[in-house]
Every structure is written in C-alpha cells, then in structure tokens.
There are 2 protein chains.
Amino acid sequence: MSPRKTAAETRHTRQRILDLGLVLASAEGLEGLTIGRLAAELGMSKAGVIGHFGTKESLQLAVIDAAAELFVREVPERARGVPRGLPYLRAAGDAWISYLERDLLPGGCFFTAAAAEFDGREGPVRDAVVRMSAFWQRELRVNIWRAVSLGELPPDTDIDQLLYEIVAIMLALNHFRQLHGDVQAPARARRALERLL
Amino acid sequence: MSPRKTAAETRHTRQRILDLGLVLASAEGLEGLTIGRLAAELGMSKAGVIGHFGTKESLQLAVIDAAAELFVREVPERARGVPRGLPYLRAAGDAWISYLERDLLPGGCFFTAAAAEFDGREGPVRDAVVRMSAFWQRELRVNIWRAVSLGELPPDTDIDQLLYEIVAIMLALNHFRQLHGDVQAPARARRALERLL
DNA sequence: CCTACCGATCGGTAGG
DNA sequence: CCTACCGATCGGTAGG
C-alpha cells in the first residue's frame, strides 16, 4: 500500500551507511567523511543519507558507536569465558593483535586514528572517543589488578605503568603496519607482550 | 622606489605562514589546514598566502619540512656531541620525551598526528611523512647497532625489536598526554625507556 | 602583496 | 527516500 519503507528496511539502510562510513572514516578521518561522498557511493541522495542522523556530528557519533561494536566483537568478545586476570590479559592481547593484523578496516585501528585526529579538539566527538578509549583501558586495568592480587604478576607491579606499556605496544603495531607496511610488526607486538606478561 | 617587498620580507612572510601552519596543522590536521583560515589569522588575502607555495599540497609539504626542522632542533640537536651508541640513545630519548612534555605544538607531536592522518592515503604528502619517520628510525637503529657492537647492550639484542619498543613508548606518551591529559605519562615513558636501555 | 572572481563542494533545509 | 535549493567555504586564477 504505502511507498514508505518498513522499519526493517530503514534500519538496513542506516546500517549500510554506517558500514561504509566506518570504512571511509578509518581511511580519511571522521572529518574527511562527507555526506556527499557517502551518498554517491551508496547511490542515494545527500538528503537520504543525512536524514538518518540529522547532522554530520550525529553521523560521526554513530560511526564511533559502530567502531566500538566492531572492536568489542573482535577483542573482548573473543576473550569471553577466559578467567579474569593474567589469562584474560593474554587472550585479549592476542585478540587485539589479531584484530590489527587482519586489517579489518583499510585505515587500521579506527580508535587510534580518531584519537590522533581529535586529540587537539573539543566537543562531543572528541568526548566519545575519549570515553571508548577510557572504557577499554579500565577493563585492562581491572585485569592487571586482579593478576597482581592472584599472584600471577609480581606484587610490586606498577599497574598503570604496565597498562601504559601494553597500550604502547598496540599503538606501535598500528603505526608500523599502516605507515611502513611492516609485516613483522605483529610478531614484534607478540614478543613485547610476552615479555610484559 | 619599488612597492615590491624585498627578498628578506618575502622570506619573513613565508616563515610566518609556516609557523602558524605548523600550529594549526598539529591541532586540526594537514588536511584541515585551510588557506582561508591562514589568511584570516595572518590578516592577509588568500592569494597572498597561496602565492608563496602555489598549491595546497606544496604548502602541506612545506609545513612538513618546518615540522622536521623543529623536531631536529629539539631532539637530535640536543643529543649532538654525545657519544654514539647507548649514551646517544639515552640522550635522544630524554630530549624526545622532553620535547613531547613541553607541548611545543598544541596538537602534540606533529609527525604522530600526520602519520595517523595519512597512513591510509597515497601521494607526495604521505611519502614525505614516511620519509621523515624512516629517517629518524634509521638514526636510532644505527645507534642501537653500535651500542650492541660496543657491548653496551647484550649481544643477543634484537635490534628491530628494541627500535619497535622505543617508538612504542613515544607514541604512547603522545597518546596519553594528548587524549587523556595524563600528566604522569612522561614519567611512565622515562621509566619504560630506562628498563629498555 | 591586493581585489575580484571562478567552479566545486561542503552541511543542511523545504517540501513532498 | 527524492528534487531542488540555500549560504558558506573550499582551492585556485587573472590581472594588476
């Protein structure tokens, strides 16, 4: 009867926009993501694209959410069921390296790119990136703490120092892989992580 | 006689453009750097700005050169005269941390930001960023090799692994400082570096 | 170095 | 979801 799309079709279109937005934003940045380009590549009008989100900023926030979903699916979900503490840290670290190694997004780790892009700015987009980054670091920190409590790591472990060094390994993996095309970077990351844990 | 500017004045204007361009690009990215904004903040016309460079891409390349000059002045120059090998690595590492700690540019390390922005693209700008990054890493690598040769580091040292971990420390310093405002990050970087060297 | 201007694209809106 | 349109800004040029 009605030419209107069903709710399911609307959701599907929205997801198509976000899937492509994630790919484009990882390569060109969240600011370089434009409504016109999304529309052209999806065979839609600009109004059709932005209608799902209202403003470009809302679109950027939705893409960040989509990136977070991808990361959660690829890293913490793969360590689910593993005992908290050192085993969890090792499983999550392996999943994290594997996630970066498989190049799921053309621009590498979405959050590394977004963090570098927005660390000098202010506003809701920066805040969302900070929130996601902080959330995952809290998750790691809790597990480091537990590993120390259980005696899986030395009692004099500096928890924030170890967290710093784990994050450093992953940032470097993304850097060497994306900028220098270094195929040995995942092996280096694994070796560095083994030494820490 | 002539209303034309002298060559010295022209050079001075060009340098003013580059100085501001470096500040703006570190915060908003090399792509976010616009000719119109530079012109407005310098009280010039757009034609006056772009006339010094020809195209935006040439302007971006000139800003990269200016960033390289700043880095060289702040890091390798400060380690000049220090014996090559482990002493040089320690001096350069301290200067590098100090450079990031003093927040000389509002967006943190220019090359870290530029690397993340252009690692998913192609062209002369990306190539220039890769070249600068590779140059400095070669410098570090030579000194690691020498430190091993001189017995300052263990003979079984994996040179590229150590280089990877040094770069990782600096990437993390920039990340924690810029994104999370972590004032303890420089201390963490120093501690991690001491453990490596 | 300027004014004056170009076509292209930006994010976004009105109305259907 | 579309067409048609808006003002603003983009990089860049002509001519002086």
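Residue numbers start from 1 in every chain, and the chains themselves are labelled A, B, ... in the order their sequence lines are given, proteins ahead of strands.
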Starting at [atom1] of [X] and ending at [atom2] of [N], how long is that distance when rounded to a whole Å?
{"X": "A:I35", "N": "C:dT13", "atom1": "CD1", "atom2": "C1'", "answer": "12 Å"}
{"X": "A:E57", "N": "C:dC10", "atom1": "CD", "atom2": "P", "answer": "19 Å"}
{"X": "B:L38", "N": "D:dT9", "atom1": "CG", "atom2": "P", "answer": "15 Å"}
{"X": "A:I50", "N": "C:dC10", "atom1": "CD1", "atom2": "P", "answer": "12 Å"}
{"X": "A:L24", "N": "C:dC10", "atom1": "CG", "atom2": "C1'", "answer": "16 Å"}
{"X": "B:L33", "N": "D:dG12", "atom1": "CG", "atom2": "P", "answer": "12 Å"}
{"X": "B:E41", "N": "D:dT9", "atom1": "CD", "atom2": "P", "answer": "14 Å"}
{"X": "A:L42", "N": "D:dC2", "atom1": "CG", "atom2": "P", "answer": "10 Å"}

Checking B:Y164 side chain against B:I159 main chain: does a donor-acceptor pair fall under 3.5 Å?
no
Taking the six-membered ring of B:F135, is NZ or CZ of B:R138 closer than 6.0 Å to its centre and within 45° of its axis?
no
Contact under 4.0 Å: B:S45 side-chain N or O vs C:dT3 OP1/OP2
no
Can you tell me which stems involve DNA chain C, if a stem is defined as three or more consecutive Watson-Crick or G-U wobble pairs, both distances under 3.5 Å?
C:1-16 with D:1-16
Mapping A:G51 and A:K46 onto DNA chain D by nearest heavy atom, which one lands closer to the 5' end?
A:G51
If you only use heavy atoms from C-beta on, which nucleotide in D:dC10, D:dA14, C:dT13 is closest to the side chain of B:T34?
D:dC10
Which nucleotide, D:dC10, C:dC2, C:dC10, lies nearest any side-chain atom of B:M44?
C:dC2
Can you find a side-chain donor-acceptor pair between B:R14 and B:T10 that sits under 3.5 Å?
no
For A:D19 and A:Q15, test the side chains for any donor-to-acceptor distance below 3.5 angstrom and give the result as yes or no.
yes
Hey, are A:R126 and A:E122 close enough for a salt bridge, meaning a charged N less than 4.0 Å from a carboxylate O?
no
Looking at A:E165 and A:R195, is there a salt bridge between them, counting it only when a charged N and a carboxylate O are closer than 4.0 Å?
no
Any chance the rings of A:F71 and A:W136 have centres within less than 6.0 Å?
yes
Does A:K56 contact C:dG12 through a side-chain donor or acceptor facing the base, at a distance under 3.5 Å?
no
